[in-house]
Each structure stands twice: as C-alpha cells, then as structure tokens.
Amino acid sequence: MLGPVILAASRSDRMRRLISAAPVTKQVVDRFIPGETVDEVVPIVQDLTAKGLELTMDVVGEDITTPEQAAAARDAYLTLVERLKDLELGTRAEMSIKLSMFGQALEGGHELALANVRPVVEAAAAIGTTVTLDAEDHTTLDSMFAIHEELRKDFPGTGCVIQAYLFRTESDARRLAEAGSRVRLVKGAYKEPAEVAYQQKHEIDKAYVRILRILMEGSGYPMVGSHDPRLISIAQELARRAGRKLDEYEFQMLYGIRSEEHLRLAAEGHRMRVYTAYGTDWYGYFMRRLAEKPANLLFFARSTLTKG
C-alpha cells in the first residue's frame, strides 16, 4: 500500500527538501492550500460562504520545537480571529487546531498547549464562533481529550476529532456522544501500528459506520468528515433513522477535493463545511492528503511528468 510509504515520507527531511524544490510542487499544493497568508485566504472564505458553504480554518504547521514557535502559532490564530471578526460569519467560519502546533510535544507540553489554545478559544467565542481540536497520532490523544474536556467547561461548543481506524475510538465516541459535544469523525491519516489501529480499508470503513451510528444516535452534534460517496449516503440514512434534522449534523470535506459535491450537498440543504488550510509550513499536511487517497498521488505524479 502506498499510504504508509507516503506517511513515512511526510516525516523525512530529505523528502521534504526534494518535494519542496520540485518546480511543479507549488501548482499542486495550491489545489489543497489556497494561500500562505490571511490576506490571501480571506477572498477564499468570502467566495465559499457566498456559495452557501461553511468553513473550518487551519493554519498549517506541526514541527514545533520551542515555546516561542508555539506562541507564534497561537498568535497566527489570533490574527485569523481578528480577520474573521470583520467578516461577521459566526459559526459559518470556525477554526481547527492541532495541539502539536501549540507546544504539546515539548517539555510540560500538556500545560503549555492548554495555555496557548485557551486564548484562541476565548477569542473565537467572542466573535460568535468556535474551535475544533484535531486528532493527531494515538500517543497524543489522551492529552487532547483532557484539554478538550477542560475547555468545554467554559466553552461547551469546543469540538474534537476522532479517528475510525483506532481500536479505542468506539469507546471514545460513546463517551463523547453522551457528553453532547461537537465531534468530527474521520478515517485517520497517520501511520499507526497494528497494535492500536485497523490496517485494511474495509476494516476502517466498517469501523467508521459503527462509530457514526453511535454519534448519530447520541445527543451530540456529529460532523461527518469523509469524501467517500458510500459513507456520505450511509450518513444520510443513519441521520434519517435517528430522526435528525438537516441542521443537527454536518458534512466536512477538504478544500480542493470533490468541490462539486460540496455544492451539491449544500444545495440539498445540508450543512457542508470545507476544511481550508493555509500557511507556509504546508509539507506535512500536503503529504497526508496524498496518503489518504491514491488519486491525489496520481494527480501529483501526472503533473510532475508533464510539467517538471
């Protein structure tokens, strides 16, 4: 399978240098990451929301090695909040945050990440929107869930992400569904060992459906993170069986992937949120997008052969 190979490359400095230097790379990266600065991405926000779509914004970057870099990541999100304030979009434009950017892996990282993320969540609440904590590799999840629980004491709309390929996730889903929190379910995009995660696509898909049923039948707000047409249809059926109205759950897809489907779902009255990343430290995010779907890798390879 190509996915694990690509995920390994996502952590390789040598591959980072090679891919970053390729002439065609920027053209392909732009498909998934529409800008490097807030000023470049604001017109994208305005365009998508004008089409009836919603967004979750991600300032990309994960390789944080100092508290100063973590503080800079916090400040980048605070700048984003200020720009979103001017747009007056409320929850139509929320934010997604990886706690690794906020210092989670550093010494005293749990407390540092919580201290850095709290002012962003506070600022988001002040402009009528919220934050979702992204899931990363399995070793970080206990810390992420603890921070999520702490933030929800003051900001109950704070969301989190769970990953279908992890064995633990069904249990996490039951706990979170009962808590009434906002939960995004994704398949998972990190290289995880067989001891903690399903390795085969059919196993992951079956787990996704089991977990999605838990969320739909619970009291929380499910966010269906998938581009898979079959899973999208299953989600609609599970929502119908659970008696959910169209505004009681939402779909989420990545910017640049199945854009026509974004518009179709929105036109049918569904809440459709586009995960929109921006920033200069795009490499890890970009490589995981390639790993998630072979067609993305083929698109990149074809562009390299024709343009390189």
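Basis for what follows: all heavy atoms, side chains included, without hydrogens, waters or symmetry-related copies.
- For the atom pair CD (E136) and OH (Y190), the distance works out to 4.5 Å, reported to the nearest 0.5 Å.
- Within the 4.5 Å cutoff, the side chain of Q236 has heavy atoms near those of the L265 side chain.
- The shortest side-chain heavy-atom distance between Y208 and I234 does not fall under the 4.5 Å cut-off.
- For Q252 (side chain) and L185 (main-chain N/O), no donor-acceptor pair under 3.5 Å exists by modelled atom type.
- The side chain to side chain contact (heavy atoms under 4.5 Å, CB included) test with F32 is passed by exactly one of L254, I257, V60: I257.
- The line from CG of D154 to CD of E122 is 8.0 Å long, rounded to the nearest 0.5 Å.
- Inter-residue side-chain proximity for R168 and V196 is flagged as unmet; no heavy-atom pair is nearer than 4.5 Å.
- Remark: L48 CG to S259 OG distance equals 8.5 Å, nearest 0.5 Å.
- A heavy-atom distance below 4.5 Å is not found between the side chains of H138 and Q163.
- From I127, atom CD1 reaches atom CD of E82 across 8.0 Å, with rounding to the nearest 0.5 Å.
- At a threshold of 4.5 Å between non-hydrogen side-chain atoms, the residues D86 and V42 do not count as touching.
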(message) Between L141 and L166, does the side-chain contact (heavy atoms from CB on, under 4.5 Å) criterion hold? Intermediate values first, please.
(response) CA-CA 11 Å; L141 294 184; L166 294 176; 3.4 Å; yes
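- Checked by atom type and distance alone, the side chain of Y77 pairs as donor or acceptor with a backbone atom of V59 at under 3.5 Å.
- Remark: the Y165 side chain and the D205 side chain contain no N/O donor-acceptor pair separated by less than 3.5 Å.
- E94 has a carboxylate O that lies under 4.0 Å from a charged side-chain N of R182, or vice versa, which qualifies the two as a salt bridge.
- Nearest heavy-atom pair, E192 versus A197, reported as atom, atom and distance to 0.1 Å: CB-CB, 3.7 Å.
- A donor-acceptor pair is defined here as one N or O able to donate and one able to accept, closer than 3.5 Å; no such pair exists between the side chain of S226 and the backbone of L231.
- Closest non-hydrogen pair, G157 versus T130, comes out as O-OG1, 3.1 Å.
- Identified under the salt bridge (charged side-chain N to carboxylate O under 4.0 Å, His left out) test for residues 208-218, with sequence neighbours left out: E170-R210.
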(request) Check step by step if side-chain contact (heavy atoms from CB on, under 4.5 Å) holds for L246 and R271. (result) CA-CA 7 Å; L246 292 183; R271 295 191 70 181; over 6 Å; no
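- Using a 4.0 Å cut-off between charged nitrogen and carboxylate oxygen, R264 and E268 count as a salt-bridge pair.
- If you check the side chains of Y275 and R184, you find no donor sitting under 3.5 Å from an acceptor.
- Proximity of I232 to M253: side-chain heavy atoms (C-beta onward) are separated by under 4.5 Å at one or more points.
- Among all heavy-atom pairs drawn from R273 and T56, the shortest one is CG-N, 3.6 Å.
- Of the candidates D39, V45, V41, D39 is the only one forming a side chain to side chain contact (heavy atoms under 4.5 Å, CB included) with R83.
- Judged by distance alone, the side chain of E150 and the main-chain N or O of L114 form no donor-acceptor pair under 3.5 Å.
- R152 and E149 are not joined by a salt bridge, as no carboxylate oxygen comes within less than 4.0 angstrom of a charged side-chain nitrogen.
- Counting heavy atoms from C-beta on, the side chains of Y278 and L80 come closer than 4.5 Å.
- In terms of hydrophobic clustering, with Ile, Leu, Val, Met, Phe, Trp and Tyr side chains grouped at heavy-atom distances under 4.5 Å, Y221 and V131 are assigned to different clusters.
- Between atom OH of residue Y249 and atom CG of residue L215 there is a gap of 13.5 Å, rounded to the nearest 0.5 Å.
- No donor-acceptor pair closer than 3.5 Å links the side chain of H262 to the backbone N or O of M272.
- A side-chain donor-acceptor contact under 3.5 Å links T129 to the backbone of A93.
- By the rule that hydrophobic residues join a cluster once side-chain heavy atoms approach within less than 4.5 Å of another member, L212 and V186 end up as members of separate clusters.
- Residue V161 is not grouped with residue L55 when hydrophobic side chains (ILVMFWY) are merged at heavy-atom distances under 4.5 angstrom, including chains of intermediate members.
- Aromatic ring pairs are classed by plane angle as parallel below 30°, tilted from 30° to 60° and perpendicular above 60°; the pair F251 and H270 is perpendicular.
- Contact detail for I162 and A173: the closest heavy-atom pair is CD1-CB, 3.9 Å.
- With no hydrogens or angles considered, a side-chain donor-acceptor pair links T139 and D137 at under 3.5 Å.
- The main-chain N or O of T49 is found under 3.5 Å from a side-chain atom of R92 such that the two form a donor-acceptor pair.
- Contact record, M216 with A235: CE-O, 3.7 Å, taken as the closest heavy-atom pair.
- L89 and M223 sit in two unconnected hydrophobic clusters of ILVMFWY residues. Membership requires side-chain heavy atoms under 4.5 Å apart, directly or through other members.
- Closest heavy-atom contact between A164 and Y198: O-CD1, 4.0 Å.
- In this structure, the separation between OG1 on T169 and CG on L176 is 10.0 Å, given to the nearest 0.5 Å.
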(request) Under the salt bridge (charged side-chain N to carboxylate O under 4.0 Å, His left out) rule, what do R240 and E237 come out as? Steps first, then yes or no, please. (result) CA-CA 5 Å; R240 186 190 67 78; E237 177 61 19; 2.5 Å; yes
(message) Does V120 form a side-chain contact (heavy atoms from CB on, under 4.5 Å) with F102? I'd like the steps, not just the answer.
(response) CA-CA 11 Å; V120 178; F102 285 67; 4.0 Å; yes
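- Between the side chain of S219 and the backbone N or O of A177 there is at least one donor-acceptor pair closer than 3.5 Å.
- Linking Ile, Leu, Val, Met, Phe, Trp and Tyr whenever their side-chain heavy atoms come within less than 4.5 Å leaves I214 and I204 in two separate clusters.
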(request) Evaluate the criterion side-chain contact (heavy atoms from CB on, under 4.5 Å) for residue pair F155 and R118; output intermediate values, then yes/no. (result) CA-CA 10 Å; F155 307 99; R118 183 177 288 278; 4.1 Å; yes
